[in-house]
S.K.: 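One structure, pasted below without further comment.
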Amino acid sequence: MNKDVFSLCFMCSVRCPIKVTVKDGHVDWIEGNKHVAGIDGSLCPRGSAGKSMLYDDQRVQSPLIRVGERGSGNWRKASWDEAIDYVATRLAEVIDKNGGHSVALCERAQLATHVSKTFLKAIKSPNHFTHDSLCKGSVNTACRSLFGYTDGQIGINYGNTKHIVLYGRNIFESIALKEVNSLMEAMEKGAKLTYIDPRVNVTASKAHRYWMIRPGTDLALNYALMHVILKERLYDAGFVSKWVHGLNELQDFVEVYTPEWAQGETGIAAEEIISLAREVSKDKPSVIFHFGYRGANHINEIYMRRSMLILNALMGSVEAKGGIFFKKGPGEVGGKPARTLTSQEFPKIEVPRCDKAGTKDFPLPDPSHGVAQILPYAILNEDPYPMKALIAYRLDPLMSIADTNQTKRALDKLDLIVTIDINYSDIAWYSDVILPESTYLERTDCIQQMNGLKPQMFLRKKAVEPRYDTMDGAMILKKIGEKLGIGNYFPYESMEELVEWQLEGTGFTMKDFEKKGFVAYGSDQIFWDRENLPFKTPSGKIEFKSSLLENAGFESFPKYEAIPLPKDGKFRLVVGRSAIHTHVSTQNVPYLNELESENILWINTAQANKLGIKNNAIVEVSSSVGKGQIKAFVTDLIHPEAVFMLHGQGHEATRAKRSFNKGLSDALIQENIYDKVGGSPAYHDTFVTVKPL
Amino acid sequence: MSKYYLFQDIRKCIGCHACEIQCKSNKNLPLGPKPCQVIQVGPKFIGGLPKISFIFMPCFHCENPWCVSACPTGAMQKRSKDGIVFVNKDLCVGCKTCVSACPWGAPQWNPDTGKVEKCDYCMDRVDQGLKPACVTTCTTGCLKFGNVEEMTQIRRERHAASVASLEKSSF
C-alpha cells in the first residue's frame with residue numbers, strides 16, 4: 001500500500017519541507033514539497049540520501065551502556081527501561097550532591113528544543129547550550145547591537161535582490177533549497193553576485209565578481225567601502241537620516257580608512273573597492289551585504305558582522321524588497337503561535353550560567369543560546385562552580401568545539417555523559433550511555449513555527465515505524481524526567497499528543513497539515529511600513545553607535561587593528577563545508593560517504609613548492625594544540641597565507657566504519673579562542689605548520 | 001536516439017550531485033554503480049573569474065547503441081516505442097561486453113548482483129507520466145526532461161532573453 005506523507009527533512013538543520021512516499025511500510029521515495037514556493041519538488045544531496053541514512057545498519061540500534069573505559073568502545077545493549085533508569089539514577093545522584101545546575105545539556109537547536117530547555121529548567125539548571133553559539137554567536141550579538149533583533153529574527157529577500165555581496169558565505173555549497181533557488185531566480189532576472197573569499201569554490205564560480213581577499217581582512221574592506229559610500233554620498237540619505245543613530249560618528253571613524261589603505265590590508269585594488277561601492281549603490285535598496293550564516297572566524301567577529309549590517313543600513317536595504325527584512329510572526333495577522341513547554345512556570349534558578357553569558361563578565365552573548373566553547377573551560381576550572389554531568393543531544397562537543405584534546409580533558413572530569421543521537425558520533429562513543437533517537441522519517445516532531453514574510457507552521461510527521469529500538473528525543477527526556485520526579489512538566493504521552501497540546505488555541509489541528517504539510521496564517525507577504533519601523537534598540541533606531549555595546553563597556557567603533565598574521569612559514573587554517581555533508585553528522589551515511597569520504601588540505605602552489613609538498617602527498621598539519629595527517633591538494637585557488645580543509649571529517653567512533661579515521665578533524669587542530677565581545681569562536685585564527693612526510 | 005532529451009542548464013547547475021544520489025536511491029543501488037554522474041572540470045580562471053564546468057552524464061540513449069549491438073544475450077535493449085535503452089536484468093549474465101562497447105561509460109557494474117545497471121530514464125516513472133528521478137528533485141531545477149523539440153525551445157528562449165535589450169533598444 002502506498003501513502004504520501006508531508007514532513008520536514010532533517011539531514012541538515014535547515015528543515016526543508018518534503019513529501020515522503022511510503023510503500024508497504026518502507027520509504028520508497030522522498031522529494032521536496034511542491035506546495036512550497038522555492039522548493040518546488042527539489043531536494044539537495046543530503047536530503048536525497050535520506051533513505052540511505054534510514055536503512056543504514058551502522059546507526060545506533062538500541063540503548064547502550066558503557067562497560068569499558070570511556071572511549072574504548074565496549075558497550076552492552078540495554079532495554080529502554082534499564083537505560084532510562086540508569087541515567088535517571090546517576091543524574092539524581094549528581095543533582096543531590098551538586099545541584100541541578102551542575103548538569104549541562106548541549107544540542108543543535110531543533111524542533112524539540114523547548115522540551116530539553118524544559119528539562120533543564122525543571123531541574124534548576126541554566127546550562128543549556130545550543131550549537132548556534134558555536135556557529136554565529138557574534139552575528140546574533142551584532143544584530144542585537146544594531147536593530148535590537150537577533151539574527152534569527154532577520155531574513156534575506158533573495159528573490160528580489162539586484163546585487164548580493166557574499167563574504168565567504170558559500171551559498172551554493174551549503175544549500176538551503178529556498179535560498180539557493182530564490183537567488184538563482186534573481187540571477188536569472190539579472191541580479192549580480194559579488195563573492196569574496198580566500199578560496200575559490202562553487203559560489204565563486206557563479207559570481208560576476210570574485211575577490212581572493214587576504215584572509216581575515218574583510219573588516220578593512222568594509223570600512224573602506226563605508227568610506228567611499230559616505231564620501232561620495234552613495235547612501236540612501238532619506239532612510240539613513242530617518243533611521244540611523246550615529247552616522248556622524250561613523251563618518252568620522254571611517255575617514256582614515258581609505259580604499260588605498262584597504263588595498264594594503266586586503267590585497268584588493270583601491271579602484272576595485274571604489275567601483276563596487278558605486279555599482280552597488282545604483283541598485284539600492286535592493287542590495288544585500290550578506291551578514292553571514294556561520295559567523296565564527298576571528299576574534300573581532302562582532303565588528304566584522306556589524307560592518308556588513310551597517311552597509312545594508314547605508315543602502316537602505318533594511319525591510320526592503322531585495323534586501324534584509326524582519327521576520328513576521330503570527331501576531332502580525334492576529335494569529336497565535338504554537339505553545340511551547342517553556343511557557344510553563346518553573347522554579348527560580350539561583351545561579352548564573354556556567355559560561356557567564358549575560359553576567360558582567362560576559363555580558364553580550366545571548367544567554368538563551370549560551371556560549372558552548374566556554375563549557376570545557378568551565379568544567380576544567382570549576383569556575384563559577386563544578387559541573388558534573390553532560391547530556392549531548394545531537395551536538396558533538398568533541399568535533400564542534402575547537403581543541404578536541406582539551407574538551408576530552410574536560411569531559412574526563414564529569415561523572416556522567418549521556419548522548420542522544422541517531423549516529424555513533426564521537427561524543428556518543430565517548431559517553432557512558434547512548435540513547436538512540438528515531439530518525440526524522442520515523443518520528444513526529446514538535447511544530448515548526450516559521451516566521452518570515454508570511455508566517456506559517458510546518459509539521460514533521462512520522463512516515464514509517466522506527467526500524468530499530470529507538471525513541472523520539474522528546475519522549476526520552478520525558479521518561480528521564482518522570483524518574484527524576486519532574487514528570488509534571490511533560491504533559492503528553494506521545495508526540496501526537498504533544499503536538500496537539502502545542503496547537504491548542506492556534507485555531508489549527510494536526511489534520512490541517514495533511515493537505516500541504518503546512519498551514520499559513522495569511523496569504524500576503526508582510527513588509528513593514530518604512531516610515532514606522534519598530535527597531536527594538538533603546539533609541540528606536542539602527543544604532544551604529546550602539547548602546548548595547550557601550551553600556552557594556554565596549555566601543556561602537558574601535559580603531560581597526562589588523563588581526564595577527566601567520567609568520568615563520570605558518571598558515572592561517574580556514575575551514576568550510578561542502579554540499580555533500582552536514583556538520584559532523586552525515587560522514588557515515590553510505591551514499592554521502594561514497595561521494596566524499598575524506599577531507600583534503602588545500603595549499604597554495606607556490607607555498608607547496610617551497611615546502612616540497614606534492615599534490616596528493618600526505619602532510620602533517622600541526623598547531624599549538626594538536627596535529628594530524630591529511631592529503632594535500634596543491635592549487636592556485638587559495639590565498640598563499642591560508643590552508644583550507646572541510647569541517648566534519650576525522651571521526652574516532654569505530655562502529656561508524658565508513659567514516660572512522662578518514663581525513664582529519666579541524667577541531668583537533670583549532671585552538672579554543674573566541675570573540676570576547678560577541679561570543680563566536682574564532683575558528684580561523686589558528687596558525688598551523690604544514691610538513692611533508 | 002530516443003525521442004527524449006535530458007537538458008542540463010549549465011548556468012544553474014551547482015554540481016551538488018543530488019541527481020546521482022536520487023538516482024541511486026530510486027533504484028536502491030549499492031555503493032559503486034552510478035547510472036548518472038556529474039563530473040567537475042575546473043575551477044579555472046577565465047577572464048579573471050573562476051569558472052567550473054559540471055558535466056552531467058546519464059546514458060545518451062543512442063540511435064544505434066553500441067551496447068545493444070554488443071550484448072550477446074539480448075539483455076541490453078532499445079525500447080521500440082520511444083527509443084529508451086535499458087537492460088533486462090533477467091537476461092544479463094554480467095559479461096560486461098556493454099561496458100567495453102559504450103564509448104561514454106554509461107553501463108555501470110553492480111557488485112551485489114553481478115549484473116549491469118544503467119540509466120533507463122527511469123522508464124517506469126516515465127510510463128506513469130513522471131520525470132526521471134534525477135530531474136524530479138534536481139536542487140536548482142537545472143535538469144529538464146522532455147521531447148527534444150521542447151528542450152531546444154528552452155535554449156532558444158533563453159538565448160533570446162539574454163541578447164534582447166528592451167531597455168536600451170531605440171525601436
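A, B, ... follow the sequence lines: proteins, then strands. Residue 1 opens every chain.
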S.K.: What part of L49(B) gets closer than 4.5 Å to chain A, counting heavy atoms only: side chain, backbone, both or neither?
M.R.: side chain

S.K.: Of the backbone (N, CA, C, O) and the side chain (C-beta and beyond), which part of C16(B) lies under 4.5 Å from a heavy atom of chain A, both, or neither?
M.R.: both

S.K.: For atom CD1 of I10(B), is the number of surrounding heavy atoms from other residues, nucleotides or ligands below 6.0 Å larger than 12?
M.R.: no

S.K.: Side chain from CB out, backbone as N, CA, C, O: work out which of these in V200(A) comes under 4.5 Å of a heavy atom of chain B, or both, or neither.
M.R.: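 The side chain, not the backbone.
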
S.K.: Counting only heavy atoms closer than 4.5 Å, note whether L143(B) contacts chain A via side chain, backbone, both or neither.
M.R.: neither

S.K.: Let's test your reading of the structure: which of C142(B), P30(B), G32(B), G141(B) forms the most heavy-atom pairs below 4.5 Å with chain A?
M.R.: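 Ranked by contacts with chain A, first place is G32(B).
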
S.K.: With chain A as the partner, which of G48(B), A161(B), C13(B) has the greatest number of non-hydrogen pairs under 4.5 Å?
M.R.: C13(B)

S.K.: Shorter than 4.5 Å, heavy atoms on both sides: which option in I175(A), L592(A), V180(A) has the most such pairs with chain B?
M.R.: I175(A)

S.K.: Got a sec, which residues hit salt bridge (charged side-chain N to carboxylate O under 4.0 Å, His left out) with R214(A), two or more places apart in sequence or on another chain?
M.R.: E641(A)

S.K.: Which answer fits I580(A), side chain, backbone, both or neither, if we ask what part of it has an atom under 4.5 Å from a heavy atom of chain B?
M.R.: side chain

S.K.: Could you list each N or O donor-acceptor pair linking chain A to chain B at a distance under 3.5 Å?
M.R.:
| residue | atom | partner | partner atom | Å |
| --- | --- | --- | --- | --- |
| I30(A) | O | Q22(B) | NE2 | 2.8 |
| L43(A) | N | T137(B) | O | 2.9 |
| L43(A) | O | T139(B) | OG1 | 3.2 |
| K51(A) | NZ | S25(B) | O | 2.8 |
| K51(A) | NZ | N28(B) | OD1 | 3.0 |
| N181(A) | ND2 | T139(B) | O | 3.0 |
| E188(A) | OE2 | R158(B) | NH2 | 3.1 |
| K206(A) | NZ | I10(B) | O | 3.3 |
| K206(A) | NZ | R11(B) | O | 3.1 |
| K206(A) | NZ | C13(B) | O | 2.6 |
| Y591(A) | OH | K24(B) | O | 3.1 |
| Y591(A) | OH | L29(B) | N | 3.3 |
| Y591(A) | OH | L29(B) | O | 2.5 |
| E594(A) | OE1 | K24(B) | NZ | 2.7 |
| E594(A) | OE2 | K24(B) | NZ | 3.1 |
| E594(A) | OE2 | G32(B) | N | 2.6 |

S.K.: Any idea which heavy atoms bring A18(B) and C44(A) closest together, and the distance?
M.R.: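 Smallest heavy-atom distance, with atoms named: CB-C, 3.7 Å.
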
S.K.: Given heavy-atom pairs under 4.5 angstrom as the criterion, report whether the side chain, backbone, both or neither of I30(A) touches chain B.
M.R.: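 For I30(A), the contact with chain B is made by the backbone alone.
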
